[in-house]
Amino acid sequence: MPNKPNILILTAQTGGGHLSLAEALKELLQQNYAVTIADMLPSFFHHHYRFAGHHALWMWAVEFHLSNDHTRAVLSQRALAPVIAPRLKRALDEIQPAMVITTHSLLSHSVKQVMREHTPDIPLGMLFSDPYSVHETWFSELNAEASFAPTRESHELALAAGFDPSRLHIVGWPVRKQFYQADGKKRDEVLRSIELEPDRFTVFLQGGGDGATNYWRFAERLLEVNRDIQIILSAGTNVGLVRRLRGIKRLHVLPFLKEIAPFMAASDVIMGKAGPNALFEAVVLDKPFVATTYFPGQEKGNLEFIERHGLGRVALKFEQQCEAIRVLSEMGKTGDGLTAKVREYREWNCAANEMVPGVVDELLRGLAR
């Protein structure tokens with residue numbers, strides 16, 4: 001399609017999840033639109049996230065709870081607006097988007113403040129990046145032209161916060177196409193390529209794009225306790241972790257990879273940090289999810305979400321993790337290990353994702369009249 005309208009997606013590399021969400025959203029829209037993804041936050045935010053995730057989760061918890069207040073959220077966003085303004089204005093002038101969509105809560109009210117002054121006619125869309133416990137920074141901006149709720153729970157919270165129902169849309173959690181295209185039948189080939197055994201129960205252990213929350217600490221103990229399993233450990237951008245765990249029998253460490261889906265598809269269970277992207281990627285791949293750790297505050301609600309919808313298990317203690325693996329490995333001998341609830345949620349989420357292009361099309365057509 002010649003002369004596709006431009007869409008600018010704003011995100012930030014704080015852990016990788018927001019960027020993955022932006023990429024999945026781009027894939028949903030790129031048939032009819034020329035989509036550009038831009039990181040709008042200064043590098044300090046990424047460095048701070050990495051430091052907190054690896055060394056000071058307590059600090060992250062304190063910051064999360066202190067900022068999870070409507071008045072503080074609005075004030076912090078107004079303070080951030082002049083910081084992001086030069087970069088955002090430059091992107092708006094160069095790309096000239098028909099619409100701007102954000103996948104990061106810090107780029108909500110702050111972005112609208114800049115756009116109100118610089119490009120008042122361009123609509124703003126917001127895709128909440130929290131499935132269950134939505135942070136108040138998302139609710140600091142009630143006047144976006146479109147807001148996308150990835151779950152029914154986030155939709156209810158947004159309505160309670162005062163969002164206009166006519167501008168609020170349930171669209172499911174966007175997941176990148178590589179997870180829909182991953183071929184589980186290539187399990188043997190994938191596992192042999194990393195010197196693991198195709199017939200052995202395989203755990204995919206992850207801690208998000210940055211390899212945060214010390215999710216990897218129990219890996220060696222799990223292998224010692226259960227000699228029938230093997231582990232694919234995704235280190236993300238944590239280069240030190242790749243060096244530290246290299247050479248352990250029945251454990252293969254993956255560095256950061258853009259195409260991670262084949263390795264997750266070759267596993268029997270997805271385990272580790274309760275980040276929403278990994279959770280919904282597991283759902284798309286028909287894999288049970290075992291949450292072993294989480295970012296305090298930000299991801300705590302995801303634990304309840306997993307149990308509420310029957311998408312896996314919460315196993316924060318080592319003994320619980322051993323039991324979860326034992327149960328799931330036994331399920332694997334008699335069936336595919338996928339519960340009806342996981343399948344039901346996957347189908348609902350896929351159908352909801354198909355709403356996104358239509359909502360954007362309708363909004364832009366209405367503004368053009």
Side-chain angles (χ1 to χ4, degrees), residues 17 20-21 23-24 27-28 131-132 150-152 171-194 196-208 228-234 252 254 257-292 302-303 305-315 321 323-354:
S20 295
L21 193 58
E23 290 172 344
E27 291 174 350
L28 286 172
Y132 194 74
T151 61
R152 286 160 285 206
V171 299
W173 192 277
V175 176
R176 290 169 291 172
K177 287 182 180 178
Q178 62 172 283
F179 293 93
Y180 290 99
Q181 296 168 350
D183 188 355
K185 295 179 180 179
K186 293 185 177 180
R187 169 188 169 95
D188 291 12
E189 177 185 336
V190 171
L191 292 179
R192 286 197 180 100
S193 73
I194 54 175
L196 293 181
E197 300 174 26
D199 295 332
R200 194 181 288 271
F201 188 84
T202 305
V203 176
F204 185 92
L205 188 58
Q206 55 76 37
D228 294 327
I229 69 168
Q230 59 192 5
I231 295 175
I232 300 173
L233 191 145
S234 175
H252 183 86
L254 293 175
L257 297 172
K258 288 290 288 182
E259 293 288 329
I260 197 70
F263 298 97
M264 293 175 70
S267 304
D268 296 288
V269 59
I270 312 302
M271 197 167 179
K273 189 172 84 72
N277 280 293
L279 171 61
F280 286 101
E281 288 161 4
V283 169
V284 168
L285 291 170
D286 295 354
K287 307 293 180 184
F289 188 93
V290 178
T292 63
N302 297 351
L303 306 181
F305 184 86
I306 290 167
E307 293 183 326
R308 180 176 187 174
H309 292 284
L311 304 181
R313 288 187 167 215
V314 175
Q321 295 162 23
E323 176 65 9
I325 290 176
R326 184 191 67 78
V327 170
L328 290 169
S329 62
E330 290 181 357
M331 287 175 60
K333 295 174 184 176
T334 57
D336 63 3
L338 178 64
T339 68
K341 288 185 177 180
V342 174
R343 184 175 290 113
E344 179 184 346
Y345 200 94
R346 183 191 65 206
E347 292 173 355
W348 175 86
N349 194 72
C350 292
N353 283 173
E354 295 175 2

First locate atom [atom1] of [X], then atom [atom2] of [Y], and finally report the distance between them rounded to the nearest 0.5 Å.
X: Arg200; Y: Asp228; atom1: CZ; atom2: CG; value: 6.5 Å
X: Glu281; Y: Trp173; atom1: CD; atom2: CH2; value: 10.0 Å
X: Gln206; Y: Thr292; atom1: CD; atom2: OG1; value: 8.0 Å
X: Asp199; Y: Gln230; atom1: CG; atom2: CD; value: 9.5 Å

Shortest non-hydrogen contact between [X] and [Y], atoms and distance:
X: Leu196; Y: His252; result: CD1-CB, 4.1 Å
X: Ala266; Y: Thr202; result: O-CB, 4.3 Å
X: Leu191; Y: Pro198; result: CD1-CA, 3.7 Å
X: Leu28; Y: Pro174; result: CD1-CB, 3.9 Å
X: Arg313; Y: Ala324; result: CD-CB, 3.9 Å
X: Ala274; Y: Leu303; result: CB-CD2, 3.8 Å

Would you check, one step at a time, whether the test side chain to side chain contact (heavy atoms under 4.5 Å, CB included) holds for Leu254 with Phe204?
-> CA-CA 10 Å; Leu254 293 175; Phe204 185 92; 4.2 Å; yes
List the steps, then state whether salt bridge (charged side-chain N to carboxylate O under 4.0 Å, His left out) holds for Arg187 with Asp268.
-> CA-CA 10 Å; Arg187 169 188 169 95; Asp268 296 288; 3.3 Å; yes
If we only count heavy atoms from C-beta on, is the [X] to [Y] side-chain gap below 4.5 Å?
X: Lys287; Y: Met264; answer: no
X: His309; Y: Glu344; answer: no
X: Asn277; Y: Phe179; answer: no
X: Ser234; Y: Ile260; answer: yes
X: Phe263; Y: Val190; answer: yes
X: Phe280; Y: Pro131; answer: yes
X: Val175; Y: Tyr180; answer: yes
X: Pro276; Y: Asn302; answer: yes

Would Phe305 and Tyr345 satisfy ring-ring contact (aromatic ring centres under 6.0 Å, His included), going step by step from the backbone distance to the final call?
-> CA-CA 12 Å; Phe305 184 86; Tyr345 200 94; 5.8 Å; yes
Test log, rule side chain to side chain contact (heavy atoms under 4.5 Å, CB included), inputs Val283 and Phe289 | CA-CA 8 Å; Val283 169; Phe289 188 93; over 6 Å; no
Give the C-alpha distance, both sets of side-chain angles, the deciding distance and a yes or no for salt bridge (charged side-chain N to carboxylate O under 4.0 Å, His left out) between Arg343 and Glu347.
-> CA-CA 6 Å; Arg343 184 175 290 113; Glu347 292 173 355; 5.3 Å; no
Within the distance-only criterion (no hydrogens, no angle test), does the side chain of Asn349 pair as donor or acceptor with the backbone N or O of Gly172 below 3.5 angstrom?
->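 No.
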State whether the side chain of Gln178 and the backbone N or O of Ala261 hold a donor-acceptor pair below 3.5 Å, judged by distance alone.
->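 A pair under 3.5 Å: yes.
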List the steps, then state whether side chain to side chain contact (heavy atoms under 4.5 Å, CB included) holds for Ser267 with Ile232.
-> CA-CA 8 Å; Ser267 304; Ile232 300 173; 3.8 Å; yes
Determine, stepwise, if the pair Lys258 / Glu23 fulfils side chain to side chain contact (heavy atoms under 4.5 Å, CB included).
-> CA-CA 11 Å; Lys258 288 290 288 182; Glu23 290 172 344; 2.7 Å; yes
